[in-house]
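Quick caveat: nothing in here was measured; it's all calculated off a predicted structure. To find a chain, count down the sequence lines: A is the first, B the second, and so on, and within it residues start at 1.
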Number of protein chains: 2
Amino acid sequence: MKSKHERKATPTISQVAAAAGVDRSTVSRAFTRPAMLSAETVQRVLDAAERIGYVPNHTARALSTGRHGNIALIVPDVANPFFPPLIRAVQREADQLDFCLFLGNTDEDPYQEDKLVGRFAGQVAGMILASSRLPEAQIRAHTSKRPLVLINRDVNGIPRVLIDSGSGVEEAVAHLASLGHRGIVYISGPASSWSNRQRRNAVRKAAEKLGLKHFTVPAPIPSYQAGRAAAPQVLRTGATAAIAFDDVTAHGLLAGLSDNGVAVPRDFSVVGCDDVLGAVTQPALTTVSNWSVEAGRAAVSLLFDMLQSSAIRDVRYVLETHLVVRDTTGAATPRQAL
Amino acid sequence: MKSKHERKATPTISQVAAAAGVDRSTVSRAFTRPAMLSAETVQRVLDAAERIGYVPNHTARALSTGRHGNIALIVPDVANPFFPPLIRAVQREADQLDFCLFLGNTDEDPYQEDKLVGRFAGQVAGMILASSRLPEAQIRAHTSKRPLVLINRDVNGIPRVLIDSGSGVEEAVAHLASLGHRGIVYISGPASSWSNRQRRNAVRKAAEKLGLKHFTVPAPIPSYQAGRAAAPQVLRTGATAAIAFDDVTAHGLLAGLSDNGVAVPRDFSVVGCDDVLGAVTQPALTTVSNWSVEAGRAAVSLLFDMLQSSAIRDVRYVLETHLVVRDTTGAATPRQAL
DNA sequence: GCTTGACATGCAACCGGTTGCAGAGAATAG
DNA sequence: CTATTCTCTGCAACCGGTTGCATGTCAAGC
């Protein structure tokens, strides 16, 4: 007798029930609430299951309980070195809780992000949006479907984990001022990035407090190329130091300065952000530390708190940063002296 | 009247059916096989769905059809720069086919890999294993559960996409020989890595053919640190050039050589593998190109071929590589001349 | 000895869709 | 005008689990 359509022979709960001589519900309980059954029955069922090679069906369980053992993480760009450690941390945490992780990549495109949220919503318990580029209203709308946690995006009433690079950037400005720099450039990142706004404001505020001139040069998509290309414009400002939106951009800027015959740190100082490159640049990059791994962990933990008690609460989890001084910052050299 | 338990008000097919005045099955067909229905009926149903805000339930659909719109990708280390572009490519392809992507990270641990395969199996149509560290027998065993595609792992009878770094490595050895190098070191990667075996063999074969001495220095986990730490041992061999398992290791080696006062490329030549760092090292790294994006795309495409026609076929998709000469290789300087 | 209650298990409805089959009309053929 | 076919839609079973409720058993309580 042939099976209906050559379906893969995955054993079901009914087959286990038959083999163990009990009802399907008993098999179910043996797996989910064994305390409810006598020890012998549980053992008999488990033995039978083992023998047949039964494995509970995730999909069926999700349908009947409404609980999915899945969560989703959406990021703007997997390939940006800021994210892989974060992704790894989230995946590991999820794994430890027996959850599977969906990954979405938006390529910095809000429309794509919205689409992914919709696609995932049906099969996850909750979602984590890292550096979301979505308008606030849309984020709000999505919370009605599933519990949401944000990373590096500050929306009132939605649990969020923020890496406060402001504190580190302030330190960086102070550090540059103490080295004698009188004018600094901020190379800005994506316009809709919360981190970018935060960093730009921190530069402005700190510079004004210390009486430094400050400029902004845009690099809308953070990348090595964009940083490299920004060098001439940066030099044209007459400033002697720059703080870049992130390490990748800073790395590019280093190359761009070198292209223009400007030596770092002798003639010009550079500070990055996120400390994702470690000490691998030449010279080693002074940067602002980051806690992306901790942010990932915290986000998962927040999400699970939400799943347990649906008391909607307003959590704002802030991680401080600080300056990591390496070799790309040095005493200011007046530009006319070059 | 309160709902049973404050369940999120997700509209179901029944509510749409009621609103449109048709049977549930008609609603279902309006979405899945509209040609079967009259145009007006379809329109009426879609309107009602739109009005109510109905979205088909992925889980329920998967249960009743046995088809999951999900695939899984498992990698050894998300944070290794080889993988993010591949992950991104896979995610994008999947997305275009309206599939969701599960991501697993094994931390190079076969046990973890096995666990993840099991966890995913229940809710995916198929899986892609990149650089699997699993014993061949286990990989075989898994194929009975779900269609599987391998990347950079060569197992007979299982569809696989291979980046043939052998060809590029051979070119690298020839390039070094033509520059006058008489001894070269291979810095090896993970023991269970297919790519590592392939590269090691290619170095050995090419070196022997050209009459060069060759040595192997291990760096079991490929990383910047491991590469840097390997420098003294590399120098001790007396060779004047090294080919590293990957770019990250090569990058570390560059730093390690610098630590030891050895100038590249004047005193020593270095070649990487995978071209993941672009030209961002100082000096820019000579390396073997890679096609991780194409590999990701090809893997997804293979997987979908398998899902469509279950004719199990033996596909071996090989991507050639070649040498990319940049600035870390130069004419050999006899070591005694230092 | 009869009541009460705790414990273990079975029954059957339900989660939200899909799909084979059957029947009602309408259209076409003879 | 009747027989046949074709279109469209409804009925009901099914996917593989979970869970509230009912039932039966057995021991403790009075």
Side-chain angles (χ1 to χ4, degrees), chain A residues 3-46 48-49 52-70 121-123 125 145, chain B residues 3-46 48-49 52-70 121-123 125 145:
Chain A
S3 70
K4 39 186 57 182
H5 206 62
E6 298 283 19
R7 201 180 251 280
K8 297 256 182 188
T10 308
T12 75
I13 207 173
S14 303
Q15 303 179 26
V16 177
V22 297
D23 189 79
R24 302 189 308 143
S25 59
T26 301
V27 177
S28 171
R29 288 194 261 255
F31 280 92
T32 57
R33 256 189 285 297
M36 217 174 141
L37 266 38
S38 74
E40 317 128 58
T41 308
V42 171
Q43 201 41 247
R44 190 150 42 96
V45 171
L46 293 185
I52 303 187
Y54 166 77
V55 159
N57 179 319
H58 207 112
T59 309
R61 181 173 294 182
L63 179 59
S64 82
T65 61
R67 279 190 300 276
H68 313 253
N70 302 326
Q123 38 184 348
K145 293 204 277 280
Chain B
S3 71
K4 39 185 56 182
H5 206 61
E6 295 285 18
R7 199 179 254 280
K8 298 255 184 189
T10 310
T12 76
I13 207 173
S14 303
Q15 303 180 25
V16 178
V22 297
D23 189 80
R24 302 188 308 142
S25 59
T26 301
V27 177
S28 172
R29 288 193 262 254
F31 281 91
T32 57
R33 257 189 287 295
M36 218 173 139
L37 267 38
S38 74
E40 317 129 57
T41 307
V42 172
Q43 201 42 246
R44 188 148 44 96
V45 171
L46 293 184
I52 303 188
Y54 167 78
V55 162
N57 179 320
H58 207 111
T59 308
R61 180 175 296 180
L63 178 59
S64 84
T65 60
R67 279 189 301 275
H68 312 252
N70 301 326
Q123 38 186 347
K145 293 203 278 279

Could you tell me how far apart [X] ([atom1]) and [N] ([atom2]) are, to the nearest whole angstrom?
| X | N | atom1 | atom2 | answer |
| --- | --- | --- | --- | --- |
| B:N57 | D:dG17 | CG | C1' | 14 Å |
| A:H68 | D:dT18 | NE2 | P | 14 Å |
| A:R61 | D:dG16 | CZ | P | 14 Å |
| B:I13 | C:dG17 | CD1 | P | 5 Å |
| B:L63 | C:dC15 | CG | C1' | 9 Å |
| B:F31 | C:dG16 | CZ | C1' | 13 Å |
| B:Q43 | D:dC8 | CD | P | 15 Å |

### Message
Protein within reach of the bases, or only the backbone? For nucleotides 6-11 of chain C, mark each nucleotide 5' to 3' as B, S or -, using heavy atoms under 4.0 Å.
### Response
--SBBB
Where do [X] and [Y] come nearest, in terms of heavy atoms and distance?
| X | Y | value |
| --- | --- | --- |
| A:G122 | B:T59 | O-OG1, 3.6 Å |
| B:H68 | B:A125 | O-CB, 3.5 Å |
| A:I52 | A:A19 | CD1-CB, 3.6 Å |
| A:P11 | A:Y54 | O-CD1, 3.4 Å |
| A:A30 | A:P34 | O-CB, 3.7 Å |

### Validation row: A:R61, A:T32 side chains within 4.5 angstrom (heavy atoms)
yes
### Any A:R67 side-chain N or O less than 4.0 Å from OP1/OP2 of D:dG17
no
### Estimated bend of the helix from C:dG1-D:dC30 to C:dG30-D:dC1 (axis per five terminal pairs, rounded to 10 degrees)
50°
For residues 35-45 of chain A, which side-chain N or O atoms pair as donor and acceptor with protein atoms under 3.5 Å away, sequence neighbours left out?
from, atom 1, to, atom 2, distance (Å)
A:S38, OG, A:T41, N, 3.3
A:S38, OG, A:T41, OG1, 2.7
A:R44, NH1, A:A20, O, 2.6

### Message
Which residues pass the side chain to side chain donor-acceptor pair (under 3.5 Å) test with B:H58, not counting sequence neighbours?
### Response
A:Q123
### Query
Between C:dT19, D:dT18, C:dG16, which nucleotide has the shortest distance from any of its atoms to the side chain of A:S28?
D:dT18
### Task
Using a 4.0 Å heavy-atom cut-off across all strands, classify B:T32 as base, sugar-phosphate, or nothing.
sugar-phosphate
